[in-house]
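Notes to accompany the following structure.
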Amino acid sequence: SGSAATARITGNADTAAIVGNGASIAVQNAITVDSAVISTAGNDALANIDADSGGAISIAFMEAIASVDGAVTARMDGTVLGSGSVSVIATGRNTADGNAELLSVGLVGIGAGAANATITDGADVEATVGGSVQTAGSLEVRALATNSADALSNVATGGIVGVSISKPLASITGDTLAALDPTSASTISGASSITVTASSQQNANAYLDVKSLGLVGVSGGAPEASVTTAVTKATANGNVTILSPSAVVTIGSNVTSVVSSNASGKAFGGVAVNSVTPIATSDVTSTAEMNGNVGSVTGSGATAVRTAGANRLALSAGSDEWAVARVGGTAAGVVAVSASTATATSSGDVNATLGGTAIITTNGIQVTALAKTDADAFADNTQGGAVSVNNLDTVSNVDPDVTVTINTTRLESLNADITIEARHGGEIVELSDGTITAVSDGADTVSFAAPHGLRSGDVVIYEATSTTING
């Protein structure tokens with residue numbers, strides 16, 4: 001038997017607020033272009049399936065697929081001749097949950113399950129200014145994305161022969177972009193502040209629990225959670241010139257990526273074989289660029305006149321990545337075989353780039369690229385048998401690239417320092433390994449020795465042990 005549940009938010013569900021390139025606007029007050037999904041949950045795709053199968057020979061397959069492909073876009077492509085302030089804001093919140101549970105029982109019981117939760121590369125969040133903008137106040141371009149993908153697969157089989165296999169997949173690939181991106185030369189003069197920021201929070205989790213019981217019991221699976229090819233970028237292109245000497249110019253990108261893959265496999269029988277291979281991968285990109293000009297230089301040599309285009313410039317790109325893979329297994333039988341590998345990888349790129357022909361400020365220039373990365377792999381196994389074979393491997397990979405590039409012809413701060421910094425490392429918040437230290441029936445809470453890192457809606461699998469919990 002076979003069954004499937006599918007929930008998709010397609011690319012036709014895009015959310016957009018756009019001022020077209022033929023528009024011309026002049027007002028004394030604020031101009032706001034704001035695009036967001038209004039509901040608290042945002043774009044929420046949930047696929048649940050729970051199936052039972054029985055018979056002399058019971059073979060069952062089920063699949064739960066949840067995906068989000070809708071973009072959120074805010075664009076100012078028109079010409080702003082004058083304004084009190086200009087804000088272009090895009091806010092996206094995407095959630096994909098795929099949950100599959102299967103029980104297959106028979107003389108021969110075979111169960112296979114798959115749960116896929118995907119935030120695709122079509123679910124981009126973009127805030128851009130593509131036209132010419134003049135304002136006496138603040139200019140803000142902001143993109144904020146919050147993405148969560150959770151895949152859970154629980155498969156149990158029983159019979160003379162019991163076989164349970166599954167591969168849950170949680171994946172996030174959507175981009176986040178904030179950009180000053182005019183199609184022709186554009187000068188921003190008189191602004192009190194200029195801010196271009198892109199920020200994303202990515203959380204991908206895959207959970208696997210497989211059990212088999214039989215004269216021959218086989219359980220296996222490969223849960224995989226990943227945040228890859230997801231670019232968070234704040235940029236001002238080469239057509240931009242800033243001549244706003246009182247303004248603080250801030251261009252920044254920041255991404256937080258938490259990826260976890262958890263696997264539990266249990267096999268019981270005369271011959272018991274258990275093999276699970278959780279994989280967690282965080283490979284994101286955080287980029288901040290100023291490719292235009294701040295200020296100007298007229299003339300050359302000793303007679304050159306330098307004009308500051310901003311009070312101060314802060315350009316920063318940052319990432320905070322944590323990948324964790326956990327495997328726990330039990331194999332019990334006359335012949336017990338357990339072979340599992342947990343792999344965690346954190347390998348994002350952080351780039352900060354200054355271009356243009358002149359970057360001149362009055363009170364300082366700061367360029368920073370900062371990456372924080374952590375990858376942890378854990379394995380725990382219990383087995384017993386007259387013949388026992390045990391092979392557990394844990395692999396952790398940390399391989400970020402942190403780069404600052406200065407391509408500008410002239411980089412100058414008239415009255416303060418210029419700071420350029422590329423750094424990997426920093427304080428990482430140590431999260432709980434899942435061990436519960438106390439419970440409270442009255443408050444309906446559980447306590448951990450360290451921060452748990454969970455958010456509302458996350459899936460938690462509880463496995464009882466012989467250890468006593470106080471409370």
Side-chain angles (χ1 to χ4, degrees), residues 63-67 95-101 113-119 147-155 164-173 201-211 219-230 256-266 274-284 320-330 338-348 373-381 392-399 428 430-435 452-455 457-463:
E63 185 175 30
I65 301 173
S67 65
T95 302
D97 289 315
N99 302 313
E101 298 191 39
N116 293 337
T118 307
I119 311 293
N147 294 318
S148 178
D150 293 285
L152 167 65
S153 181
N154 188 339
V155 180
S164 299
I165 56 175
S166 185
K167 185 175 181 179
L169 172 65
S171 173
I172 299 173
T173 57
Q201 299 178 24
Q202 318 282 13
N203 195 322
N205 304 288
Y207 307 89
L208 169 68
D209 189 9
V210 287
K211 304 179 183 73
S219 66
E224 184 173 355
S226 65
V227 180
T228 57
T229 69
T256 299
S257 174
V258 179
V259 182
S260 66
S261 182
N262 298 275
S264 174
K266 298 179 176 67
N274 176 54
S275 177
V276 286
T277 55
I279 299 172
T281 303
S282 178
D283 187 7
V284 299
D320 195 341
E321 297 182 84
W322 184 53
V324 58
R326 295 187 179 94
V327 58
T330 299
S338 182
S340 300
T341 301
T343 303
T345 301
S346 182
S347 60
T373 53
D374 191 18
D376 298 311
F378 303 96
D380 184 20
N381 186 67
L392 290 179
D393 292 318
T394 58
V395 180
S396 297
N397 303 304
V398 176
D399 186 23
I428 295 291
E430 287 291 336
L431 297 181
S432 170
D433 64 0
T435 301
H452 51 65
L454 299 173
R455 298 185 306 168
D458 284 352
V459 177
V460 176
I461 297 176
Y462 173 69
E463 290 188 3

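Sequence positions, counted from 1, serve as the residue numbers for this chain. Heavy atoms only: backbone and side chains are in, while hydrogens, waters and symmetry mates are out. Quick caveat, the model's predicted, so the values are computed rather than measured.
- Remark: S282 pairs with S257, E321 by the side-chain hydrogen bond (donor to acceptor under 3.5 Å, both in side chains) rule, at least two apart or across chains.
- The CZ atom of R326 lies 10.5 Å from the OG atom of S261; values are rounded to the nearest 0.5 Å.
- Between V398 and S396, the closest side-chain pair of non-hydrogen atoms is not below 4.5 Å.
- Using a 4.5 Å heavy-atom cutoff, the side chains of E63 and N116 are in contact.
- In this model, no donor atom of one side chain and acceptor atom of the other lie less than 3.5 Å apart for T95 and D97.
- Side chains of W322 and T256 form no contact here, defined as non-hydrogen atoms less than 4.5 Å apart.
- For the atom pair OG of S346 and CG of D376, the computed distance is 9.5 Å after rounding to the nearest 0.5 Å.
- Across all non-hydrogen atoms, the minimal contact from A206 to P168 is CB-O, 4.1 Å.
- With rounding to the nearest 0.5 Å, the separation of CG in N147 from CD1 in I172 is 5.0 Å.
- A heavy-atom distance below 4.5 Å is not found between the side chains of L152 and D150.
- With rounding to the nearest 0.5 Å, the separation of CG in N203 from OG in S148 is 5.0 Å.
- Heavy-atom minimum distance, A170 versus A149: CB-O, 3.7 Å.
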**Message:** Between T281 and T228, is the side-chain contact (heavy atoms from CB on, under 4.5 Å) condition met? List the steps.
**Reply:** CA-CA 7 Å; T281 303; T228 57; 4.1 Å; yes
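- Take N397 and apply the side-chain contact (heavy atoms from CB on, under 4.5 Å) test, not counting sequence neighbours, and it matches T343, T345, V395.
- The structure places CD of E224 at 9.0 Å from OG1 of T277, a figure rounded to the nearest 0.5 Å.
- Not counting sequence neighbours, the partners of S260 by the side-chain hydrogen bond (donor to acceptor under 3.5 Å, both in side chains) test are N205.
- Pairing each heavy atom of A204 with each of S226, the nearest pair is CB-O, 3.8 Å.
- The shortest distance between side-chain heavy atoms of T229 and D283 does not fall below 4.5 Å.
- Shown here are the side-chain contact (heavy atoms from CB on, under 4.5 Å) partners of A96, two or more places apart in sequence or in another chain: A66, V68, A117, I119.
- At least one side-chain heavy atom of F378 sits less than 4.5 Å from a side-chain heavy atom of V324.
- Between A323 and A344, the closest heavy-atom pair is O-CB, 3.7 Å.
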